[in-house]
Amino acid sequence: MMTSPVGELLLAGEWRGGAVELTAVSMSGSKSILGEGDWIADAEPFADVIGQLTAYFAGERDEFDLRVGTAGTDFRRRVWRALDEIPYGTTTTYGEIAARIGAPRAAVRAVGSAIGANPLLIVRPCHRVIGSDGSLTGYAGGVERKRRLLELERAA
């Protein structure tokens, strides 16, 4: 767990190749994407993650350089890679994400579902995706937190 300007963040990961691979960043009070399992509370392996998130919230970092998990369907991974490419301080729409991955316009709902399944809130910037009319639609951490993240990045 770490404290942040948008509330408590739960960080989860798995040991891979002698290091922790970040598999989830969840917000308190949000829909948890973490399943049941044998969890061990230990902040030490997440020191780099905590440091990078702290720098992000302080306005000193605009991208992350972390080992992250890649679990997900091929479609979800394509959507998540498109999220990773949204520049800091900008927004895009669900339709634009669909176009970037070569999906038909009719796939916007599927894109939205894949974005909603993003296990790495903040690190994989799904908060930068807005409705085609500019509205702050859906966010696992809540629309108010989405607004705060965009204001932090001055994209609101």
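This chain uses plain numbering: 1 for the first residue, then up along the sequence. As the structure is a prediction and not an experimental result, all values here were calculated from the model.
For Lys146 (side chain) and Val129 (main-chain N/O), a donor-acceptor pair under 3.5 Å exists by modelled atom type. With Arg77 contributing its side chain and Gly72 its backbone, the two residues share a donor-acceptor pair below 3.5 Å. Side-chain N or O atoms of Arg61 include none that pairs as donor or acceptor with a backbone N or O of Gln52 at under 3.5 Å.
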Counting only pairs under 3.5 Å, give me each side-chain donor-acceptor contact of residues 137-144, with atom names and distances, residues two or more places apart or in other chains.
unit_1	atom_1	unit_2	atom_2	d
Thr137	OG1	Tyr94	OH	3.4
Glu144	OE1	Arg147	NE	3.4

Show me the donor-acceptor pairs, under 3.5 Å and distance only, between side chains in residues 96-116 and residues at least two apart or in other chains.
unit_1	atom_1	unit_2	atom_2	d
Glu96	OE1	Thr92	OG1	2.4
Glu96	OE1	Thr93	N	3.0
Arg100	NH2	Thr92	OG1	3.4

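Under the side-chain hydrogen bond (donor to acceptor under 3.5 Å, both in side chains) criterion, Thr73 pairs with no residue at all, not counting sequence neighbours. Evaluation of the ring-ring contact (aromatic ring centres under 6.0 Å, His included) rule for Phe64 yields Tyr56 as partners, not counting sequence neighbours. Judged as a side-chain hydrogen bond (donor to acceptor under 3.5 Å, both in side chains), and not counting sequence neighbours, Asp84 has no contacts. With sequence neighbours left out, the side-chain contact (heavy atoms from CB on, under 4.5 Å) criterion links Glu60 to Ala55, Ala58. Checked against side-chain contact (heavy atoms from CB on, under 4.5 Å), Pro45 has the following partners two or more places apart in sequence or in another chain: Trp15, Val20, Asp42. The side-chain hydrogen bond (donor to acceptor under 3.5 Å, both in side chains) search around Arg124 returns Asn118, not counting sequence neighbours. Residues passing the side-chain contact (heavy atoms from CB on, under 4.5 Å) test with Asp62 are Tyr88, sequence neighbours excluded. In this structure, Ser132 has no side-chain contact (heavy atoms from CB on, under 4.5 Å) partners at least two apart in sequence or on a different chain. Under the side-chain hydrogen bond (donor to acceptor under 3.5 Å, both in side chains) criterion, Asp74 pairs with no residue, sequence neighbours left out.
The shortest non-hydrogen separation linking Val68 to Glu21 is C-CG, 3.4 Å. Annotation for Ala117 and Arg76: closest pair CB-CZ, 3.4 Å, computed over non-hydrogen atoms. The shortest heavy-atom contact between Cys126 and Leu121 is SG-CD2, 3.7 Å. When all heavy atoms of Ile122 and His127 are compared, the closest pair comes out as O-CE1, 3.9 Å.
Note that the CD1 atom of Ile130 and the OG atom of Ser135 stand 7.5 Å from one another [nearest 0.5 Å]. Leu83 CG to Leu120 CG: the interatomic distance, rounded to the nearest 0.5 Å, is 10.5 Å. If you take CE on Met2 and CG on Leu11, they are separated by 7.0 Å, rounding to the nearest 0.5 Å.
Within the 4.5 Å cutoff, the side chain of Ile50 has no heavy atoms near those of the Leu9 side chain.
Neither Leu149 nor Ile86 shares a network with the other; the hydrophobic side chains, linked directly or stepwise wherever heavy atoms of I, L, V, M, F, W or Y lie under 4.5 Å apart, form separate groups for each. Trp80 and Val123 fall into different hydrophobic clusters, where Ile, Leu, Val, Met, Phe, Trp and Tyr are joined by side-chain heavy atoms under 4.5 Å apart, directly or via other members.
Judged as a side-chain hydrogen bond (donor to acceptor under 3.5 Å, both in side chains), the pairs with a partner in residues 3-14 (not counting sequence neighbours) are, in order, Thr3-Glu8, Glu14-Arg16.
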Practice prompt. Determine, step by step, whether Leu22 and Arg67 satisfy the side-chain contact (heavy atoms from CB on, under 4.5 Å) criterion, reporting the C-alpha distance in whole Å, the side-chain angles of both residues, the deciding distance to 0.1 Å, and the verdict.
Written response: CA-CA 6 Å; Leu22 186 66; Arg67 288 183 55 170; over 6 Å; no

